[in-house]
Asker: 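First, the structure itself, so that you have it in front of you.
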Amino acid sequence: MSDTRRKLTTIFCADVQDYTRLMGADEEGTLASLKRCREAMGRLIESHGGRVINTWGDGLIADFPSVVEAVRAAVDTQNELAGFNARRPADGRMLFRIGINLGDVIVEGDDIYGDGVNIAARLQASAAAGGIVISSSVYDQVRNKVAVGFEFLGPLMVKNVDEGVPSYAVKIGDAKDETPPAQRSGSARPQPQPQPAAVMAADMAEARLAPRGRRLYGVLAVIAAVLIGINLLSWQGVFWARFPVLALAAVAALAWNRDQTLFNRKVTSLAILALGIAGINLFTWTGQFWAVWPILGIAAVMGLRWSMRR
């Protein structure tokens, strides 16, 4: 019992639709595709702050400290895998179903157990191929924070849980809801409508530039303007403000990288570092572009990270 504890976490469950059929048709090809899809999923889970807990057969379970990042990871995963499947024949596509639940779980070592995990697995089983289903506890946290639509599916019955778990399908791309009608029965509940493209674009921009981020950028811009003004008003032939302004730009770039979801954060951090080194070289120009060597080293690291994910 000394090794057992509990925590509130976001559980992410995924498995492959028709995995047995795919294995029967092409065992080696299916295993290779599964490995590639899992590597992509693991990378996206990690980039959103999550942790892969376990894999078995065609299944995967992960947990996230952030509910929003868990849903964003699921959406990014389905979008990336949709691109992978678009190049494959219709009967050979590897379509994952994802279920997400926010719940209290038992932690033993690196593994988690309990009703929170069971509910996530049941949500995953009810998802459409290439789709995502979330519990109402997840929906309440993300409905105004993630630029996707939602469809209320009604209460989902889960083993060992007395009452049905209200669930929502996340509407992304062209995924079709294949949830059996029997699982949608229950008391009527308002059904959020999919958001128009313009509204979704505005919501996405808002999510990527939170109020706290806007305030930080504003403060940094004011500080940079004040420093440049002081430098110009006390001009003695040296533009010394370029160095603190460069440092402020690096802080702004790192703050943006912390919140953005378009690119891998570790890779963009290396890119920001490379740009910073190039800026220092240009601001201290003596006729030699010495920054080419550290930038080349950073490019090599980025290339290695990219190649290891393939």
Side-chain angles (χ1 to χ4, degrees), residues 1-20 23 31 34-35 37-78 81 94-142 146 153-170 179-180 182-183 186:
M1 293 296 292
S2 59
D3 294 333
T4 301
R5 58 188 178 88
R6 303 190 72 97
K7 71 174 182 179
L8 181 67
T9 192
T10 310
I11 306 103
F12 174 115
C13 282
D15 81 346
V16 180
Q17 175 85 359
D18 293 335
Y19 181 69
T20 302
M23 285 291 287
L31 287 174
L34 178 63
K35 181 178 179 181
C37 291
R38 271 195 181 154
E39 288 175 350
M41 191 179 299
R43 167 173 53 82
L44 291 168
I45 288 170
E46 179 184 354
S47 71
H48 284 278
R51 173 181 68 105
V52 175
I53 295 175
N54 203 352
T55 59
W56 67 96
D58 62 320
L60 177 146
I61 183 169
D63 73 342
F64 292 78
S66 166
V67 186
V68 172
E69 292 301 323
V71 175
R72 286 177 175 168
V75 172
D76 288 351
T77 293
Q78 295 293 32
L81 295 182
M94 182 159 287
L95 301 173
F96 278 79
R97 303 173 298 188
I98 298 176
I100 304 176
N101 179 47
L102 172 64
D104 191 86
V105 298
I106 299 172
V107 181
E108 288 188 356
D110 292 331
D111 215 339
I112 58 176
Y113 305 89
D115 287 341
V117 179
N118 296 337
I119 291 172
R122 188 69 181 87
L123 293 168
Q124 163 261 304
S126 71
I132 305 165
V133 172
I134 62 176
S135 64
S136 59
S137 60
V138 173
Y139 170 78
D140 290 340
Q141 298 296 319
V142 304
V146 182
L153 301 178
L156 180 69
M157 301 311 297
V158 180
K159 185 178 180 180
N160 297 328
V161 177
D162 293 336
E163 298 182 358
V165 177
S167 58
Y168 292 80
V170 178
T179 305
Q183 295 177 358

Asker: In Å and rounded to the nearest 0.5 Å, what is the CG to CG distance from Asn118 to Leu123?
Answerer: 11.0 Å
Asker: Do Ile134 and Val142 have side chains that approach each other closer than 4.5 Å (heavy atoms only, starting at C-beta)?
Answerer: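 The answer is yes; the side chains approach within 4.5 Å.
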Asker: Which of these passes side chain to side chain contact (heavy atoms under 4.5 Å, CB included) with Arg6: Ile106, Val107, Ile112?
Answerer: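 The single option meeting the side chain to side chain contact (heavy atoms under 4.5 Å, CB included) with Arg6 is Ile106.
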Asker: Side chains of Lys7 and Asp63, heavy atoms from C-beta outward: is any pair under 4.5 Å?
Answerer: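 When only atoms from C-beta onward are counted, Asp63 and Lys7 do touch, with a gap below 4.5 Å.
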Asker: Please report the interatomic distance OH(Tyr168) to CG(Asp140), rounded to the nearest 0.5 Å.
Answerer: 6.5 Å
Asker: Please test Leu34 against Met94 for side-chain contact (heavy atoms from CB on, under 4.5 Å), starting from the C-alpha separation and ending with a verdict.
Answerer: CA-CA 8 Å; Leu34 178 63; Met94 182 159 287; 4.0 Å; yes
Asker: Would you say that Glu69 contacts Thr10 through its side chain, given a criterion of any heavy-atom pair below 4.5 Å between the two side chains?
Answerer: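 A side-chain contact under 4.5 Å is absent here.
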Asker: Taking Ser167's backbone N and O only, do any of them form a donor-acceptor pair with Ser136's side chain (distance below 3.5 Å, no angle check)?
Answerer: no
Asker: Donor-acceptor pairs under 3.5 Å, side chain of residues 52-59 to any protein atom, not counting sequence neighbours: which ones?
Answerer:
residue : atom : partner : partner atom : Å
Asp58   : OD2  : Val16   : N            : 3.0

Asker: Flag the pair Leu60 / Ile45 as yes when at least one side-chain heavy-atom distance between them is below 4.5 Å, and no otherwise.
Answerer: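 Sidechains of Ile45 and Leu60: in contact.
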Asker: Please work out whether the ring planes of Phe64 and Phe12 are parallel, tilted or perpendicular, with thresholds of 30° and 60°.
Answerer: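 Phe64 vs Phe12 ring planes: tilted.
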Asker: Using the side-chain hydrogen bond (donor to acceptor under 3.5 Å, both in side chains) criterion, which residues pair with Ser135? Sequence neighbours excluded.
Answerer: Asn101, Ser137
Asker: Answer whether the closest heavy-atom distance between the side chains of Phe96 and Leu81 falls below 4.5 Å.
Answerer: yes
Asker: Could you state the interatomic distance from CZ (Arg43) to CG (Asp76), rounded to the nearest 0.5 Å?
Answerer: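 Going from the CZ atom of Arg43 to the CG atom of Asp76 covers 9.5 Å.
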Asker: With side chains defined as the heavy atoms from C-beta onward, is the minimum distance between Met23 and Leu31 less than 4.5 Å?
Answerer: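 A side-chain contact under 4.5 Å exists here.
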Asker: So which atom in Ala121 and which in Cys13 form the shortest heavy-atom distance, rounded to 0.1 Å?
Answerer: N-SG, 3.9 Å
Asker: Under a 4.5 Å cut-off applied to non-hydrogen side-chain atoms, are Ile98 and Gln124 in contact?
Answerer: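 No. Closest side-chain heavy atoms not under 4.5 Å.
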Asker: Give the minimum heavy-atom separation between Gly130 and Gln78, together with the two atoms involved.
Answerer: C-NE2, 3.2 Å
Asker: Less than 4.5 Å apart, any side-chain heavy atom of Gln141 and any of Val71?
Answerer: no
Asker: What is the minimum heavy-atom distance between Asp111 and Tyr113, and which atoms define it?
Answerer: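 Taking Asp111 first and Tyr113 second, the nearest heavy atoms are OD2-OH, 3.5 Å.
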Asker: Could you go through the side-chain contact (heavy atoms from CB on, under 4.5 Å) check for Ile11 and Ile61 one step at a time?
Answerer: CA-CA 7 Å; Ile11 306 103; Ile61 183 169; 3.9 Å; yes
